[in-house]
Amino acid sequence: MKVGFAGLGIMGAPMASNLLKAGFDLRVYNRTASRCEPLVARGAKAYSTPAELAAESDVVITIVSDTPDVEAVLFGENGLASGLKAGAVVVDMSTISPTRTVEFSKRLAEQGVSMLDAPVSGGDKGAIAGTLSIMAGGDKATFDRCMPLFEAMGKNVVYTGVSGNGQKTKMVNQVVGSVNLIAMCEGLRIAKKAGLDPEKTLDAVGGGAAGSWIWTNLGPRVVKDDFAPGFMIKLQQKDLRLASELVEDLGMDAPGTKWSYELFTKALEMGLGDDGNQGLYKVWQD
Ligand code: NAP
């Protein structure tokens with residue numbers, strides 16, 4: 001299987017690296033071409049446009065920032081769609097709009113190309129370790145065909161149903177994670193103000209019922225004043241905008257989604273967009 005990979009950012013670069021490690025015949029494209037170099041040095045072939053990459057691939061994985069970026073990579077000038085052959089597969093692992101995902105999938109189906117939406121969770125650490133959680137929507141037979149690729153990048157691979165369901169599942173993930181992140185920031189702020197030892201607080205709370213991935217992985221970064229990304233605030237705000245659109249479409253009262261979206265928008269307005277999402281802690285200046 002010839003595997004193409006477009007988007008070598010914080011997530012894409014280590015995910016592509018794990019595909020190479022697993023022995024896949026890998027070819028890569030990135031808008032900023034220099035980001036292809038470490039993979040080319042290890043045997044991947046680089047292409048200068050998505051169309052050229054697509055013409056040489058049976059399956060193309062995309063992981064870029066937002067909905068318009070996936071649209072540009074798929075259908076823009078020299079986009080993947082102009083190079084893909086009938087029978088090829090696109091696996092979009094970005095977090096984007098579920099509604100637009102279904103549209104993209106229908107457009108590709110007109111040229112005989114099957115598309116899965118397979119967003120991920122687990123952060124940069126999970127991408128590096130190959131332990132991502134992958135939530136996939138689309139045709140089941142296509143999902144089964146792509147399983148060896150998913151197994152090289154993730155540990156928990158779940159088929160969620162029809163096209164768009166992967167993205168909807170990811171919205172659920174983002175709402176739960178965001179509310180958790182707000183709780184982690186508040187807990188550590190209270191601990192600091194109360195004069196508690198931050199390391200002991202991390203240990204005590206992390207081992208009990210309030211422990212979480214966010215607490216264990218991002219809490220220590222906050223305590224060390226390490227606000228490097230990980231997962232950037234601007235991307236989490238984008239995900240909460242998408243989740244807000246979903247709950248609005250569903251006609252739901254969802255206070256956690258509303259509250260998280262407001263706080264992450266405030267962080268963005270404060271100029272924290274390129275910080276890791278643990279930088280939400282800096283919204284409060286106490
Ligand atoms: P990132 O480091 O900012 O990387 C973004 C990638 O997308 C880069 O390769 C960038 O190319 C490319 N890109 C953006 N816009 C493009 C366009 N219009 N045309 C072509 N390429 C474009 O972001 P990331 O953290 O890897 O996140 C990527 C996706 O994964 C996002 O949807 C995010 O929500 C999701 N995600 C991230 C995490 C995380 O912890 N970071 C976790 C789960 C899911 P350049 O190199 O040229 O800029």
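One-based numbering, in listed order, for ligands and for the atoms of each. These figures come from a predicted structure and were not determined experimentally.
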| message | Take a 6.0 Å sphere around CD of Glu245 and say whether it holds more than 12 heavy atoms from other residues, nucleotides or ligands. | response | yes

| field | For ligand 1, the portion of Asp66 having any non-hydrogen atom under 4.0 Å away | value | neither

| said: I want to know if ligand 1 touches Tyr29 in the polar sense, i.e. an N/O pair below 3.5 angstrom. | reply: no

| field | Gly273 backbone acceptor or donor facing Gln237 side chain under 3.5 Å | value | no

| query | So which bit of Gln236 gets within less than 4.0 Å of ligand 1, heavy atoms only: side chain, backbone, both or neither? | reply | neither

| Proximity of Met93 to ligand 1 by residue part, where a heavy atom lies under 4.0 Å | neither

| request: Would you mind running through ligand 1 and noting each atom that sits below 4.0 Å from a heavy atom of Asp124? | output: 40 (O)

| task | Check whether any side-chain N or O of Thr160 sits under 3.5 Å from a backbone N or O of Ala136 as a donor-acceptor pair, and report yes or no. | result | yes

| query | Are side-chain N/O atoms of Asp117 and Thr101 paired as donor and acceptor at under 3.5 Å? | reply | no

| request: Flag yes if Met115 and Phe75 sit in one hydrophobic cluster, no otherwise; membership is Ile, Leu, Val, Met, Phe, Trp, Tyr, and two members link when side-chain heavy atoms are under 4.5 Å apart. | output: yes

| said: Any atom of ligand 1 sitting under 4.0 Å from a heavy atom of Gly230? | reply: yes

| said: Tell me the contacting part of Leu235 for ligand 1: side chain, backbone, both, or neither, using a 4.0 Å heavy-atom threshold, strictly below. | reply: side chain

| task | Under the side chain to side chain contact (heavy atoms under 4.5 Å, CB included) rule, what do Val40 and Lys45 come out as? Steps first, then yes or no, please. | result | CA-CA 6 Å; Val40 170; Lys45 189 166 177 205; over 6 Å; no

